[in-house]
Amino acid sequence: MPTPLAYEEIKECFRRWQEADPAPKSELNYVNPYTLVVAVALSAQATDAGVNKATRALFEEVQTPQAMLELGEAGLIEHIKTIGLFRNKAKNVIALSRILVEEHDGEVPASRAALVALPGVGRKTANVVLNVAFGFPAQAVDTHIFRVSNRTGLAMGKDVLAVERAIEDRVPVQYQQHAHHWLILHGRYICVARKPRCPDCLIRDICTFEEKIL
DNA sequence: ATCCCGAGGG
DNA sequence: CCCTCTGGAT
């Protein structure tokens with residue numbers, strides 16, 4: 001089992017990620033805060049490539065909660081039925097769109113409490129929206145970040161909330177704004193779940209995971 | 001702890 | 001075949 005990295009090691013990891021990719025961004029397709037909320041809600045237990053394939057056509061037609069209500073649940077399902085969990089997701093997107101229209105003047109609220117109150121929006125989705133749409137240094141811990149944080153020893157924790165707090169406590173402040181995307185991209189392309197691509201890893205001399213799996 | 005649930009990869 | 005993918009609600 002990996003051991004926690006020292007502060008200077010953590011700092012060095014992010015220095016390298018920043019040097020390699022100074023302005024990392026989401027790979028999800030969206031055109032405004034509302035479509036970002038929808039895209040992230042659809043991305044649960046699904047690949048962003050699969051979500052983008054479906055939302056390409058959807059977001060040409062629908063860019064506001066009002067337009068989503070006009071499309072309706074059945075119409076939405078036609079667009080997203082290639083994505084896993086599509087029935088729950090369609091129901092939630094319609095319900096949250098109605099709340100945005102009725103209680104938030106059709107706008108996406110910039111507070112975690114208001115976001116989490118939306119159906120299908122949990123802490124992770126709310127933190128993504130706060131980070132990507134509103135520029136807050138929020139740490140959304142998804143499947144990639146949970147795995148990467150624990151494997152590398154960057155920010156260890158038994159559950160996602162513990163990892164979120166560990167990231168906030170241990171990642172230097174100047175890296176917190178982009179930490180979400182550096183970690184997720186590292187998990188998606190290098191530190192993958194099955195066979196991590198350690199030979200291609202920027203931090204392999206700091207991480208202790210590789211020697212364990214041999 | 002369990003359910004939801006399609007696509008893509010190995 | 002099995003596992004994984006930017007989880008959330010019950």
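Just so we're on the same page: letters track the sequence lines, and every chain starts at 1.
Taking only side-chain nitrogens and oxygens, A/Arg147 comes nearer than 4.0 Å to OP1 or OP2 of C/dC5. Between A/His180 and C/dT6 there is no side-chain polar atom (N or O) within less than 4.0 angstrom of OP1 or OP2. The phosphate of C/dT6 has OP1 or OP2 within less than 4.0 Å of a side-chain N or O from A/Arg188. Side-chain nitrogen and oxygen atoms of A/Lys53 include at least one within less than 4.0 Å of the OP1 or OP2 phosphate oxygen of B/dG8. Residue A/Thr125 has a polar side-chain atom (N or O) positioned under 4.0 Å from OP1 or OP2 of C/dG8. For the OP1/OP2 pair of B/dA7 and a distance below 4.0 Å, the side-chain nitrogens and oxygens of A/Thr47 include no atom meeting the criterion.
When the nucleotides C/dT6, C/dC5, C/dG8 are ranked by their closest atom to the side chain of A/Gln45, C/dC5 comes out on top. In this structure, of C/dC5, C/dG8, C/dT6, it is C/dT6 that holds the atom nearest to the side chain of A/Asp142. The side chain of A/Thr82 lies closest to B/dG6, out of C/dT6, B/dG6, C/dC5. Among the nucleotides B/dC5, C/dT6, B/dG6, the one closest to the side chain of A/Ser26 is C/dT6. Among B/dG9, B/dC4, C/dT6, the nucleotide with an atom closest to any side-chain atom of A/Arg194 is B/dG9.
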| said: With salt bridge (Lys or Arg N to Asp or Glu O under 4.0 Å) as the criterion, how do A/Arg15 and A/Glu12 come out once you've worked through the C-alpha distance, each side chain's angles and the decisive distance to 0.1 Å? | reply: CA-CA 5 Å; A/Arg15 193 196 64 74; A/Glu12 175 63 14; 3.0 Å; yes
| task | Just do the side-chain contact (heavy atoms from CB on, under 4.5 Å) check on A/Val38 and A/Met68 with the steps written out, would you? | result | CA-CA 10 Å; A/Val38 174; A/Met68 187 67 77; 4.3 Å; yes
| message | Let's go through A/Tyr34 and A/Ser97 carefully: what are the C-alpha distance in whole Å and the side-chain angles of both, what is the deciding distance for side-chain hydrogen bond (donor to acceptor under 3.5 Å, both in side chains) to 0.1 Å, and is it a yes or a no? | response | CA-CA 9 Å; A/Tyr34 171 69; A/Ser97 298; 2.7 Å; yes
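Side-chain N or O atoms of A/Asn29 include none that pairs as donor or acceptor with a backbone N or O of A/Asn52 at under 3.5 Å.
Within 4.0 Å (heavy atoms only), A/Gly122 reaches sugar-phosphate atoms of the nucleic acid but no base atom. Within the 4.0 angstrom heavy-atom criterion, only backbone atoms of the sugar-phosphate kind lie near A/Lys81; the bases stay farther away.
For the 3.5 Å distance criterion, the side chains of A/Glu27 and A/His181 fail to qualify, holding no donor opposite an acceptor.
Between A/Val121 and A/Leu28, the residue anchored closer to the 5' end of DNA chain C is A/Leu28, taking for each the nucleotide with the nearest heavy atom.
Rounded to whole angstrom, the span from the CD1 atom of A/Ile80 across to the P atom of B/dC4 amounts to 16 Å.
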